[in-house]
Enquirer: 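What follows is a single structure, and I will ask about it in a moment.
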Amino acid sequence: MKGENNAVIKLNEALQNAIKLLGIESTDEVFERPRNEGHGDRASSAAMKLAKTLRQKPLDIAKKISENLQCEYIEKVETAGAGFVNVFLNKKFYADVIEDALKQENNYGSVNLGNNKKVQVEFVSANPTGPLHIGHGRGAALGDSVARILEFTGWNVQREYYVNDSGLQIETLGRSTLARYFEILGQGNKFSFPENGYKGDYIYDIAKEIINLEGEKFLEMPENESVNYFKKYAAEKIMGEIKNDLERFRVKFDKFFSEGFLHENNLVMSAMNELKTNGFAYEQDGALWFKTEDTIGDDKDRVLIRANGVPTYFASDIAYHRNKFITRGFERVIDVWGADHHGYIARVKAAIKAMGKNPDDFDVLLIQLVNLIRDGKTVNMSTRAGEFVTLSEVLDEAGVDAARFFLLMRKSDSKIDFDMDLAKKQGNENPVYYVQYAHARVCGIMREYEKQGEKISDEKISENIFSEKEARELADMIAFFPDEIKSASSTLAPHVLTAYAASLAGAFHSFYNSGRIIDAPDSAGRVKISCAAGKVVAKCLELIGVNAPERM
RNA sequence: GCGCUUGUAGCUCAGUGGAUAGAGCGACGGCCUCCGGAGCCGUAGGUCAGGAGUUCGACUCUCCUCAAGCGCGCCA
């Protein structure tokens with residue numbers, strides 16, 4: 001398969017053929033990497049898994065498998081423990097791994113898992129009521145990286161931001177801004193600040209802008225007209241700032257989808273009618289209710305349209321997801337939500353089932369809180385109270401690369417301590433520099449190599465380089481890259497790649513320190529290995545949206 | 001009360017049924033005549049929250065208990 005390593009494929013096929021010779025029709029068994037050095041370079045536990053179906057002792061099966069194993073890369077086979085098959089690889093394997101990785105250039109690791117199917121990733125979707133903070137940054141980094149990884153693994157990806165531009169929150173935003181407008185003009189007693197209003201300083205800034213643009217005319221205007229103007233102005237202004245922050249954070253969207261669009265085109269009501277027609281909604285106490293199927297996990301029926309005729313947020317969300325799956329034909333939909341919305345998943349899945357789609361095609365990635373730490377202390381944040389550190393401030397301080405790397409280092413559903421002091425450090429205690437440095441170091445070597453009038457040759461790598469442990473381990477890391485990509489893509493988990501990149505960088509640094517690369521007996525081959533490592537590091541960084549600098 | 005998530009080294013966390021549980025930071029001790037020392041090598045550090053079960057085999061799956069966070073609204 002394109003993107004995989006040919007040498008690795010041959011090795012795994014040898015295992016599969018050996019298993020088939022036992023009378024098993026098909027198997028997807030592949031070699032694993034044993035933890036313990038004494039257990040060889042690759043191991044398989046297939047014999048133990050097959051013991052039941054074959055009704056033989058695991059160790060006997062293991063012996064048969066090892067006798068059947070035929071592969072040009074295998075130097076020695078042992079059976080061990082309860083029924084492990086341990087394989088020792090020859091040097092040709094590592095040489096071929098590097099040659100194949102280099103030959104595939106930018107496509108190395110680009111395994112096709114998606115078959116060009118349409119998938120939508122919806123993320124950030126922060127309400128335009130205030131600036132993005134570090135938590136939104138985590139969602140942005142995650143959604144964007146997942147989208148990059150899916151693209152790399154053969155999915156047809158669309159990135160979308162859902163703009164909650166109608167409803168109560170925007171009303172509150174407008175009223176908050178209008179209240180500040182009156183306040184600045186010394187008429188604070190004539191329009192009171194809403195109870196759950198937005199208290200951040202940015203609201204004052206927007207009010208001042210309106211004063212500069214429109215003067216004092218809203219002091220005399222009817223409240224409804226003023227609020228309409230203020231909410232529209234403030235929301236657009238804030239949305240503009242959000243877009244600027246996202247662009248700076250290297251996050252691009254294909255579409256900003258407006259909630260207002262759903263209402264203006266009557267799509268919410270038509271979705272509700274469809275549910276009613278199909279028996280998934282009923283009226284009671286003057287409201288319209290969604291009939292939850294208990295099989296999907298939600299425990300009670302939910303209101304769709306209130307007795308006063310106003311649809312709930314859930315109703316818009318049903319219409320929105322109907323639009324994704326049915327109107328726009330996405331075969332798979334991935335939403336990135338804050339973990340505090342987890343109770344909502346069952347409800348939306350139930351709705352997706354009710355519209356005749358498979359809820360398994362809908363994934364929600366939950367992101368836990370980001371705990372910002374400065375000077376060893378937690379910085380508390382609350383959007384409404386106006387106490388928060390904005391994403392933009394974090395980027396000013398730590399830079400885009402450190403911010404993205406840190407936000408993607410952990411799996412999304414565990415909370416992160418974002419240590420501002422560590423992120424700012426330019427040293428080996430900061431993992432992002434460690435990884436970037438490996439890349440810059442490779443580039444430095446390549447520059448030096450070319451300065452000496454040399455270049456990467458077609459000549460095969462001299463196999464005896466791989467009698468050195470550091471070279472073998474680096475080549476082995478490179479051999480596993482396609483597997484890491486598969487894992488990151490199928491579990492929608494960029495942190496797999498940050499962890500892998502750090503290990504790969506470590507393997508390269510060790511290789512570098514174990515002996516000279518240029519001006520060595522096998523320098524042509526050693527440069528090739530370095531070059532392959534540099535390219536894989538660069539690809540990892542690209543997939544998490546971090547720069548791979550040539551100089552630092 | 002019910003549900004979701006989390007609990008692994010001093011700290012922050014990896015580990016989607018395989019062998020003796022790993023990494024980074026922090027601590028301690030070494031390595032520059034040399035391609036980039038933003039680096040490398042080594043040492044110490046564990047009741048995988050606790051208990052039971054399934055399995056040839058459990059950090060991983062099931063159940064119970066404990067602890068933390070978050071949900072359970074005709075809010076968004």
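Each chain gets a letter, A, B and so on, in the order the sequences are listed, and its residues count up from 1. What you see is a predicted model; the values in this text were computed from it and never measured.
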Enquirer: Which whole-number value in Å describes the distance from F314(A) CZ to C75(B) P?
Expert: 15 Å

Enquirer: Return each pair, listed once, that meets side chain to side chain donor-acceptor pair (under 3.5 Å) where at least one residue sits in residues 472-482 of chain A; pairs must be two or more places apart or across chains.
Expert: R42(A)-D476(A)

Enquirer: Quick test: give all pairs of protein nitrogen or oxygen and nucleotides 67-72 of chain B nitrogen or oxygen below 3.5 Å, distance rounded to 0.1 Å.
Expert:
residue : atom : partner : partner atom : Å
C70(B)  : O2   : H342(A) : NE2          : 2.8
C72(B)  : O2'  : K300(A) : NZ           : 3.1

Enquirer: At 4.0 Å (heavy atoms only), tell me whether D285(A) reaches a base, stays on the sugar-phosphate, or touches nothing.
Expert: base

Enquirer: Taking only residues two or more places apart in sequence, or in another chain, which ones meet R410(A) in a side-chain contact (heavy atoms from CB on, under 4.5 Å)?
Expert: R138(A), S414(A), I416(A)

Enquirer: side-chain hydrogen bond (donor to acceptor under 3.5 Å, both in side chains) with S316(A): which residues, sequence neighbours excluded?
Expert: E259(A)

Enquirer: Which dot-bracket string fits RNA chain B when only Watson-Crick or G-U wobble pairs with both atom distances under 3.5 Å count, crossing pairs get [ ], and | stands for a partner on a different strand?
Expert: (((((((..((((....[...)))).(((((.......))))).....(((((..]....))))))))))))....

Enquirer: For a quick check of understanding: with a heavy-atom distance under 4.0 Å over all strands, which category does G515(A) fall into, base, sugar-phosphate or nothing?
Expert: base

Enquirer: So which of residues 502-512 of chain A are in contact with RNA chain B, with a heavy-atom cut-off of under 4.0 Å?
Expert: H509(A), S510(A), Y512(A)

Enquirer: Nucleotide by nucleotide, 5' to 3', does protein get under 4.0 Å of the base (B), only the sugar-phosphate (S), or neither (-) in nucleotides 8-17 of chain B, counting heavy atoms?
Expert: ----BSSSB-

Enquirer: With sequence neighbours excluded, tell me which residues meet ring pair (Phe, Tyr, Trp, His ring centres under 6.0 Å) with F511(A).
Expert: none

Enquirer: With sugar-phosphate meaning primed atoms plus P, OP1 and OP2, does A307(A) contact a base, only sugar-phosphate, or nothing at under 4.0 Å between heavy atoms?
Expert: base

Enquirer: Counting only N and O atoms by type, is there a donor-acceptor contact under 3.5 Å from the side chain of T292(A) to the main-chain atoms of K300(A)?
Expert: yes

Enquirer: Check for a donor-acceptor pair, side chain of N430(A) on one end and backbone N or O of V432(A) on the other, with a separation under 3.5 Å.
Expert: yes

Enquirer: Who are the ring pair (Phe, Tyr, Trp, His ring centres under 6.0 Å) partners of F508(A), not counting sequence neighbours?
Expert: none

Enquirer: Does N36(A) have any side-chain hydrogen bond (donor to acceptor under 3.5 Å, both in side chains) partners at least two apart in sequence or in another chain, and if so, which?
Expert: none

Enquirer: Please enumerate all residues that pass side-chain contact (heavy atoms from CB on, under 4.5 Å) together with L168(A), with sequence neighbours excluded.
Expert: T172(A)

Enquirer: Can you list the residues that meet the side-chain contact (heavy atoms from CB on, under 4.5 Å) rule with F84(A), with sequence neighbours excluded?
Expert: S45(A), M48(A), N86(A)

Enquirer: Any donor-acceptor pair, under 3.5 Å, between the side chain of N86(A) and the base of A19(B), if you only look at N and O atoms?
Expert: yes

